[in-house]
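Report on one structure; see the data block that follows.
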There are 2 protein chains.
Amino acid sequence: MKKTIFVFSALIVALLALFQLSKYAYISRDVSVEIVIASIAIVFFLIGLYINKRTLQKEKLPDTIVNLKRVEELGISNREYEVLVQISNGLSNKEIAKKLFVSESTIKTHVSNLLVKLDAKRRTQAVQKAKQLQILAI
Amino acid sequence: MKKTIFVFSALIVALLALFQLSKYAYISRDVSVEIVIASIAIVFFLIGLYINKRTLQKEKLPDTIVNLKRVEELGISNREYEVLVQISNGLSNKEIAKKLFVSESTIKTHVSNLLVKLDAKRRTQAVQKAKQLQILAI
DNA sequence: ACGATTTTGGTACTTTAGTATGAGTCTCTC
DNA sequence: GAGAGACTCATACTAAAGTACCAAAATCGT
């Protein structure tokens with residue numbers, strides 16, 4: 001919101017500056033009025049392009065960003081979350097165990113807890129729900 | 001490209017129209033020059049916003065669209081693809097069987113074929129690979 | 001330091017998932 | 001109408017996945 005205020009202030013300043021320019025312009029010559037108007041149009045057209053690009057790019061980002069607050073809310077621990085990520089990467093319990101340097105039993109415990117916390121019956125469903133809840137990157 | 005040409009033609013027409021307005025305006029009164037310039041600025045600013053929104057929205061779409069050509073290239077049949085979609089929705093073989101009105105054996109066959117065609121060892125990996133290949137919506 | 005989580009691990013068991021193999025039906029094409 | 005693919009289904013098996021229950025370390029907040 002602060003940036004929006006700044007941008008609009010800058011716009012007003014630019015507008016006032018152009019007023020001054022235009023006054024000097026049509027005093028000296030008559031043809032330059034068209035040029036001033038054209039340049040105003042082009043400048044504000046470009047400003048419009050730029051601002052929109054900025055805002056739309058910001059709208060894009062939240063789609064892929066992980067909602068870590070929700071992970072806490074669901075009571076999912078750090079280790080459990082790590083396991084969840086590996087599940088979504090398509091790894092088996094044994095593979096996850098190797099990757100995280102623990103036994104397969106441990107992973108099974110984590111997975112069981114995850115299924116309860118995500119209200120899922122299978123790991124595939126857990127992944128689907130996690131992505132819906134935006135706690136996993138798409 | 002055709003739309004771009006149309007938009008820029010419209011811009012030129014609008015510019016010419018504003019020239020005419022501005023000429024009449026500063027003949028009658030001096031204050032209205034500022035108003036004309038301001039309105040030009042606002043109009044072109046909004047045009048800039050609009051055009052950019054259009055183009056950026058088009059860029060967004062291809063990210064979520066499914067690449068059906070690649071499904072064919074991998075030799076995945078229609079029925080297999082249906083099963084793949086249900087897997088990514090987190091359903092079990094039994095649930096998929098009910099949903100598609102076939103036996104669980106049939107689903108197992110489809111899944112086995114899918115795993116070979118997607119070069120995956122598990123259904124979770126199949127989903128992950130399918131999304132990487134953009135044959136499944138994210 | 002103490003209680004509360006978290007993380008780890010085990011055993012024993014049930015349920016899914018996945019493989020291998022074979023085979024019948026159906027549709028489309030040449 | 002013969003063959004190719006796709007779809008269906010079954011049996012028998014192996015391999016994962018998941019549940020239930022318990023319990024010892026490790027970590028962390030106050």
Side-chain angles (χ1 to χ4, degrees), chain A residues 66-133 135-136, chain B residues 66-133 135-136:
Chain A
V66 170
N67 193 336
L68 289 175
K69 305 166 204 165
R70 212 164 289 171
V71 178
E72 282 184 55
E73 285 168 11
L74 291 166
I76 295 172
S77 71
N78 290 343
R79 203 58 165 168
E80 284 165 356
Y81 185 74
E82 285 185 82
V83 172
L84 179 58
V85 171
Q86 297 307 321
I87 290 175
S88 83
N89 285 334
L91 299 193
S92 69
N93 289 339
K94 201 175 285 182
E95 287 170 340
I96 298 171
K98 275 185 192 168
K99 201 162 193 172
L100 301 184
F101 305 107
V102 292
S103 79
E104 197 185 339
S105 304
T106 308
I107 301 301
K108 281 190 177 185
T109 308
H110 288 322
V111 172
S112 263
N113 292 333
L114 272 171
L115 293 181
V116 172
K117 289 170 183 176
L118 285 168
D119 188 30
K121 288 179 184 170
R122 284 162 294 283
R123 46 172 57 211
T124 47
Q125 199 180 2
V127 170
Q128 186 255 344
K129 285 205 173 189
K131 287 184 178 178
Q132 253 184 358
L133 291 165
I135 64 176
L136 269 184
Chain B
V66 171
N67 193 338
L68 290 174
K69 304 167 205 164
R70 213 165 288 171
V71 178
E72 283 184 55
E73 284 168 12
L74 291 166
I76 295 172
S77 70
N78 290 343
R79 203 58 164 168
E80 284 165 356
Y81 185 74
E82 285 185 82
V83 172
L84 179 58
V85 171
Q86 298 306 322
I87 290 175
S88 83
N89 285 335
L91 299 192
S92 69
N93 290 338
K94 201 175 284 181
E95 287 170 339
I96 299 172
K98 275 184 191 168
K99 201 162 195 174
L100 300 185
F101 305 107
V102 291
S103 78
E104 197 185 340
S105 303
T106 308
I107 301 301
K108 282 191 178 188
T109 308
H110 288 322
V111 172
S112 263
N113 292 332
L114 272 171
L115 293 182
V116 172
K117 288 170 184 176
L118 284 168
D119 189 30
K121 287 179 184 170
R122 283 162 295 282
R123 47 172 56 213
T124 46
Q125 197 179 4
V127 170
Q128 185 255 346
K129 285 206 172 189
K131 287 184 177 176
Q132 254 185 358
L133 292 166
I135 64 176
L136 269 184

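Reminder, nothing fancy here: chain letters follow the sequence lines and each chain counts from 1. Just so it is clear, the structure is predicted and the values come from calculations on it, not from any experiment. Heavy atoms only: backbone and side chains are in, while hydrogens, waters and symmetry mates are out.
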Practice item. Heavy atoms of chain B, cut-off under 4.0 Å: which first and last nucleotide of DNA chain C, 5' to 3', fall inside that, if you could look? Key: C:dT16 to C:dT19
Check your understanding: Any sub-3.5 Å donor-acceptor pair from B:Glu72's side-chain atoms to B:Lys69's backbone N or O?
Key -> no
Check your understanding: In B/S/- notation, 5' to 3', how is nucleotides 14-30 of chain D contacted by protein heavy atoms closer than 4.0 Å?
Key -> --SBBB-----------
Practice item. Could you tell me whether a side-chain N or O of A:Tyr81 sits under 3.5 Å from a main-chain N or O of A:Ile135, the two making a donor and an acceptor? Key: yes
Revision key, fill the gap. So the salt bridge (charged side-chain N to carboxylate O under 4.0 Å, His left out) pairs with at least one residue in residues 93-103 of chain A (sequence neighbours excluded) are A:Glu95-B:Arg122
Check your understanding: Counting only non-hydrogen atoms, which of residues 69-86 of chain A are less than 4.0 Å from DNA chain C?
Key -> A:Ser77, A:Asn78, A:Arg79
Practice item. Answer yes or no: is there a donor N or O on one side and an acceptor on the other, between the side chain of A:Gln125 and the main chain of A:Lys121, under 3.5 Å? Key: yes
Practice item. Answer yes or no: is there a side-chain heavy-atom contact under 4.5 Å between B:Thr124 and A:Leu91? Key: no
Practice item. Check whether any side-chain heavy atom of A:Leu118 sits under 4.5 Å from a side-chain heavy atom of A:Leu133, and report yes or no. Key: yes
Check your understanding: Would you say the side-chain atoms of A:Lys129 pair up with the backbone N or O of A:Asp119, donor to acceptor, closer than 3.5 Å?
Key -> yes
Practice item. Kindly say if B:His110 contacts the phosphate of D:dC9, meaning a side-chain N or O under 4.0 Å from OP1 or OP2. Key: no
Practice item. Decide yes or no for B:Arg79 and B:Leu100: does some side-chain heavy atom of the first lie under 4.5 Å from some side-chain heavy atom of the second? Key: yes
Review point. How would you label the contact of B:Ser105 with the nucleic acid (heavy atoms, under 4.0 Å): base, sugar-phosphate, or nothing?
Key: base
Practice item. Compute the bend angle of the helix from C:dA1-D:dT30 to C:dC30-D:dG1 from the end axes (five pairs per end), rounded to 10°. Key: 60°
Revision key, fill the gap. Distance col, row A:Gln128:CD vs B:Ile87:CD1, nearest 0.5 angstrom, shows 13.5 Å
Point to revise | Any side-chain heavy-atom pair of A:Gln86 and A:Glu82 under 4.5 Å | key: no
Check your understanding: So do B:Lys131 and B:Val127 actually touch side chain to side chain, heavy atoms under 4.5 Å?
Key -> yes
Point to revise | Side-chain donor/acceptor of B:Lys117 to backbone N/O of B:Gly75, under 3.5 Å | key: yes
Which donor-acceptor pairs under 3.5 Å do the side chains of residues 106-115 of chain B make with protein atoms, sequence neighbours left out?
residue	atom	partner	partner atom	Å
B:Thr106	OG1	B:Ser103	OG	3.1
B:Thr109	OG1	B:Ser105	O	3.0
B:Asn113	ND2	B:Thr109	O	3.3

